[in-house]
Structures are given as structure tokens and as C-alpha cells.
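Model, not experiment: these values are computed from the prediction.
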Amino acid sequence: MSAIRLALNELRRLSAGKLPKLALVALVLVPLLYASFYLYANYDPYGRLNKLPAAVVTSDTGAAEQSGNQRNIGREVTDELVSSGTFQWHEVSQAEADAGVRDNKYSFVITIPRDFSAALLSSGNFQPQQATITLTTNDANNYLSHTIADQVAQQIRKTIAEKVGGEAADRFLVGFSTIYGKTQEAANGATKLADGAAQLKSGQQQLADGTGQLAAKTPELASGLNTLRDSTAELPSKSQQLADGAGQVAAGNAKVAEVGALLSSGSTELQNNLNSTRDSLAQKLREAGLSETQVQQSLSVLDTLRQPVDNANGKIQQANTQLATLADGSRKVADGATQLAGSAPQLTQGIAKAADGAGQLNAGVAKLNDGEKTALTGTTELADGANQLRDGLNAGLQQIPNPDDPTRTATANTIADPVAVNSVGVASAGTYGAGLAPFFISLATWIGAFVLFLLLRPLSTRALTAGAAPVRVALGGWLASAVLGIAQVLVLFGAVTWLVGIKVAHPWGAIGFAILVSLSFTAVVHALNAMFGAVGKFLGLVLLVLQLVSAGGTFPWQTIPDALYPLHVVLPMGYAIDGFRHLLYSGASMQILGDIGVLLAYLVGGLAVSAYAAHKRRMWTVSQLKPELAL
């Protein structure tokens, strides 16, 4: 007989009857059932993180920026988190958050401290502090939620770093703009300084021009005096003719001498005024900020310009002496008095020319005075511009950051990495293997219970035919699997702890809980086999698949589709996983009474169903004597 014919005969045997046909269909659909449910449950867990409850605690009190504006960056971050919808965020107090993450109300907690804003804004004042956010997780809730929370915290840290880094750069740019404005003011002051210097130059030019006019008029004064001298040259030869008018000549000469003295006094006063003006100008140039060398150079130029005035003064003093001598001589020369009287008009004209020259000399001195005033005005503006330039540069200097090397390095590091994440674990698994251990221990315990009934009979046929009580028959069928199940979990825990090296925080409690899980799972699988026979084995496999996708052993159960939520609540494996997490991890709470209660309910319920199945099996049917499907 060929292999193909053997295979066809076996398929015909398995498909002989309605139930075997359904069994074949079920066998074909098992991979589909597993793959479809698993893929459905885990199609996009990251896309359903908005179902995962998370808490944020904001204690930030805010801080003032350099501009004086009050900022609360912690509040800004919190508002962005809550409005983002990435998780099911709850803004709560610190006490509520601590209790929530401990009791599995929240998967994790983000805490923003009181000094968060102050630390982030400290780099602008060159007092750098790294801000810290605290991430609180609990591996007893779900190990992968810790990993997800780490990613969230890092994303928050990155977002804050970009935000604060951009604001810090903006503050530096604003500082440069301020420096630009202050430097511009300084430039304007420098412009005024240049304008004042130009006006000073113009005033000095007018001073030079006035002095030049004074020098130009001095020869006319000399010419007038020469005419006076020429007109009086013949007085000795005609003094006899002037005897009669000697008295008048003497009087006239006395008046001329008085005029000469007055002119001499005016010239002397002019010299004194020029000296005073020279000292005043030197003082103002020093006050304007000119160096002593520059002051002496300016005075040297002024001294050179007034030299003709000094020469003219010498000549005036000399002429005054001559007039005095002439007056004395006129009194002695009575003989020439008449001729002197005849020459008096010419003498008068000479004196008039001398007076005109003296007037022009006075006008030149006036111009010299105006030039001095203009120079003074220009010097004043020069000083004002210099002050504005000084103040502007000083103000700009205050705006330029000038930190020392350690502060500059610390500030740069803080701007580059302004936020640190402080991870706090209420309960820590330690390793990836330990994080998944509750899931795989629970899964292994269910599989262990499942395979036991591939060999064990759920109900004793002999006891049923002998009319034994259904409860005793059910307990007898279950106890064998319970003993073997206990042996399974003891061996399993030995391998997990000694061979794999996973640390167990509460070993005796974990072993006791594992025994309870095994007893509950064997009771459920026993009830399925007792109630449904061969079909019960298939149902046990189906329940395994359903629990794999709904128990939350890997991703948090909140990320599974909403349609699977009831399975998580109803089926026992999720409670087994939760209990193992609390017992395996250090720091986890021992609040597992709810898990124990559910598992005890499944244990009692399973035994009750088994007892009911034993009661029904007391009535034998043809299908029981010759079942269509036997495994």
C-alpha cells in the first residue's frame, strides 16, 4: 500500500462523522486563530498609547527672564503634554501620582520640580543649572511601560532642549542687537564730536583772521604817527614865530600826550585781555580732553598769531614816550609855538589817523573775541560729544557677555543639554528577561496544565460506573493534575532562579502564588476536558490564544483594541501576570489580594464545572460509549 493511500485512509477515518469533520476544520484554523488574534491585538500598540494612563505633576513656581518677564516653563510643558493626546494624561498632585503608579492606576509619572524654570533660565544670567524632570515607573505594572516612558521622557527632554536652546540663541541675538544700538549711539556721539571739532577749527580760523586784520591795521597807525612826526619836524626853526602861541602849543601838546597815554593804556589793556584769553583757552582745551602737548601746540599757534599785536603795542608805547617827550619839549621851545600852531591841522590829521587805526585795531580785537566765542562753542560741543561717546560705549560694554572660562563652559554645556531625566522605579525588574518573566511563567503554567490532560483522564470511568459521588470523581480527576502541576512550577522556579539567574524579591510568596496559579489553571483545563471531552482540549488551546493577546504580558493591556478589553478583565492569565510582577520585583507592593481572589474563584468555579460534568456523565449515552472523536 502506497504512502498516499495510507494518508487518504487516515484522513477518511478522521473525517468519519460530524464532530471529526469539525475537528479537522479546527485543526486547520488553529494557526489562523493564533496569528489573526495576535496580529489583531498587536497591530499598532504604539498608535494606541493614548489609551495608556499616565500622570504629570507640575510643581514649577516659575522664574523671571532677563527682560523681567515671568515665565513658567513647567506649566508650558505640562499644557503641551496634556493637549498632545500622546497618552491619557492626568495632571494630579504628587501624592495622587505616587499612589496611582503604585496601584497600577497610572503606568508612569512625569514630575516637574519647583525650580524647573529657574534652572532652564539660569544660563541667560551665566549661573547655569541643569533642570531635572523625574520619571517614576513601576515594573510591577508592566515592564514595557517603563521602556515606553523612557522614550517619552527623552522626547520631552529633546523638545525642551530645542525650545530652551532656541530661546537662549534668541536672547544672545537680542543682546547683540542691544550692543548694536549702543554702538550706534556711540557712533552718533563720535559724529557730534567730529562736528564740534570742525566748529572749533572754524572758530580758530576766525581768530586767526581777526588777528590778521589787527596786524594789517597796525601800519596805518604807524603811518599816522609818521605824519605827525613829519608835521612837527620844522617846529624848532619856527619856534620863535610860535612864541605867542607857546601856551596854546603846550596845552595842545599836553592833550596829545594824554591821547597817547590813553592809546598806550588801551594797548596795554588789550595785551592783558589777550593774555587772559590765552589762559582761558588753555584751560578749556584741557577740560575738553586735549593732551598737554596739543594744548601747548594750540597756544604756540595763538602766540605766533598775536606777535604783530605785541609789536604794535611796543610801537605804541614808544610813540607814547615820544609824545611825552614832545610835550615836554614844546613847553621848552616857545619860539616854535606859532609855527607849531600852524602845523597843528596836520598834527590833528595825524592824530586822527592814529585814532582811526586804533579804532580798526579795536574792531580786529572784537573779531578776535567773536572767534574765541565760536571756538568756545565748538569746544563745548566737542566735550558733549565726547561724553556721549563715552557713555554709549560704556553702556554697550555692559551688554557684552564676558563670563570666565568655567562659567562659559558650564553655560555652553547647559544650553546644549538643559534637561536631565531622573528615573525612579517604584519597582524594578532589572533586566529584560526579568521584565518578561511574569508573562512567560504564567504562559508556561497554562501550557503545563494543557499538556497534562493529553495523558490524564479528566474523570474516572470506573468511578462513574461504580456510582461514586460526582464531587469525589471531579476532585479525584483534578488532584492528579494538581500534584503534577505543582511539580511543574517548582521545577520551573528552580530553573528560572538558579539556571537563568532571575532574582525573585519574595521567593516564598512567589512559589506559593505559582502553586495557586497552577491549581487554578489545571482546574480550568480539567473542567473543559470533563465537560466537553476532546473538544475541551481544543477550547483550552483557544483560551490560551485569547489570553496571549489580552493579558498584557508584553505591551500594556490598555494598548490592545477595545474589543479585547473584556477578555483581559474576564480571563485569569492577566491576574496571574500581575501577581507575579508584584512578587518578583523589588519594591513592588504586596497588594495582590485581588489577583488571589480571582484565581481562587477560577479554582472553585473549575471544580464546580467538573463536578457538574461528572454528574452528567453518570447517564451514559451512545456518543459516550463510542465517541466520534477521541484524542
Side-chain angles (χ1 to χ4, degrees), residues 14 19-45 47-48 51 142-144 435-456 458 481 485 488-489 492 514 517-581 595 598-599 601-603 605-606 609-610 629 631:
L14 292 176
L19 191 59
K21 289 184 173 64
L22 293 176
L24 285 177
V25 173
L27 290 175
V28 172
L29 294 180
V30 165
L32 172 63
L33 181 67
Y34 177 79
S36 61
F37 269 101
Y38 196 81
L39 292 176
Y40 172 64
N42 296 278
Y43 178 72
D44 186 16
R48 294 180 56 83
K51 301 290 186 178
N142 186 280
Y143 178 72
L144 285 185
L436 295 180
F439 172 59
F440 284 108
I441 291 174
S442 301
L443 176 62
T445 304
W446 183 273
I447 295 174
F450 178 82
V451 299
L452 288 176
F453 289 97
L454 296 179
L455 297 176
L456 296 176
S481 64
Q488 287 177 336
V489 295
L492 173 61
V517 171
S518 177
L519 295 176
S520 299
F521 286 0
T522 54
V524 172
V525 178
H526 176 261
L528 292 175
N529 282 269
M531 192 71 184
F532 301 104
V535 176
K537 293 181 173 59
F538 177 74
L539 293 177
L541 181 62
V542 171
L543 281 180
L544 173 63
V545 173
L546 294 178
Q547 292 182 107
L548 282 175
V549 300
S550 64
T554 53
F555 284 94
W557 67 268
Q558 292 91 344
T559 62
I560 64 177
D562 294 347
L564 298 180
Y565 279 15
L567 295 178
H568 174 79
V569 176
V570 172
L571 297 178
M573 188 175 291
Y575 299 94
I577 293 172
D578 183 69
F580 280 127
R581 284 172 176 159
D595 301 322
V598 171
L599 293 172
Y602 266 98
L603 173 59
V609 171
S610 297
L629 181 65
L631 297 177

What verdict does the side-chain contact (heavy atoms from CB on, under 4.5 Å) test give for Q488 and L452, after you've listed the backbone C-alpha separation in whole Å, the side-chain angles of each residue and the deciding distance to 0.1 Å?
CA-CA 10 Å; Q488 287 177 336; L452 288 176; 3.6 Å; yes
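Between W446 and V524 there is a side-chain heavy-atom pair separated by less than 4.5 Å. Between V489 and V517, the closest side-chain pair of non-hydrogen atoms is not below 4.5 Å. At least one side-chain heavy atom of K537 sits under 4.5 Å from a side-chain heavy atom of N529. In this structure the side chain of Q547 reaches within 4.5 angstrom of the side chain of P572, judged on heavy atoms.
When all heavy atoms are compared, the tightest approach of H568 to G574 is CE1-CA, 4.5 Å. Between L603 and L519 the shortest heavy-atom distance is CD1-O, 3.5 Å. Of all heavy-atom pairs between A449 and V525, the closest is O-CG1, 3.9 Å. Residue S610 comes nearest to A523 through the heavy atom pair OG-O, 4.4 Å, listed as atom of the first residue, atom of the second, then distance. Counting all heavy atoms, side chain and backbone alike, L443 lies closest to M573 at CA-CE, 4.1 Å. When every heavy atom of V549 is checked against every heavy atom of L546, the shortest pair comes out as CG2-O, 3.2 Å.
In this structure L539 satisfies the side chain to side chain contact (heavy atoms under 4.5 Å, CB included) test together with L528, F532, V535, sequence neighbours excluded. By the side chain to side chain contact (heavy atoms under 4.5 Å, CB included) test, Y565 is found to be paired with R48, K51, W557, Q558, I560, D562, residues two or more places apart in sequence or in another chain being considered.
Taking CD1 of I577 as the start and OG of S442 as the end, the distance is 4.5 Å to the nearest 0.5 Å. The CZ atom of F440 lies 10.0 Å from the CD1 atom of I447; values are rounded to the nearest 0.5 Å. The CG atom of L548 sits 11.0 Å away from atom CG of L543, with the distance rounded to the nearest 0.5 Å. Atom OG of residue S520 and atom CG of residue D595 lie 11.0 Å apart, to the nearest 0.5 angstrom.
Panel note: side chain S518, backbone G485; a donor-acceptor pair is recorded below 3.5 Å.
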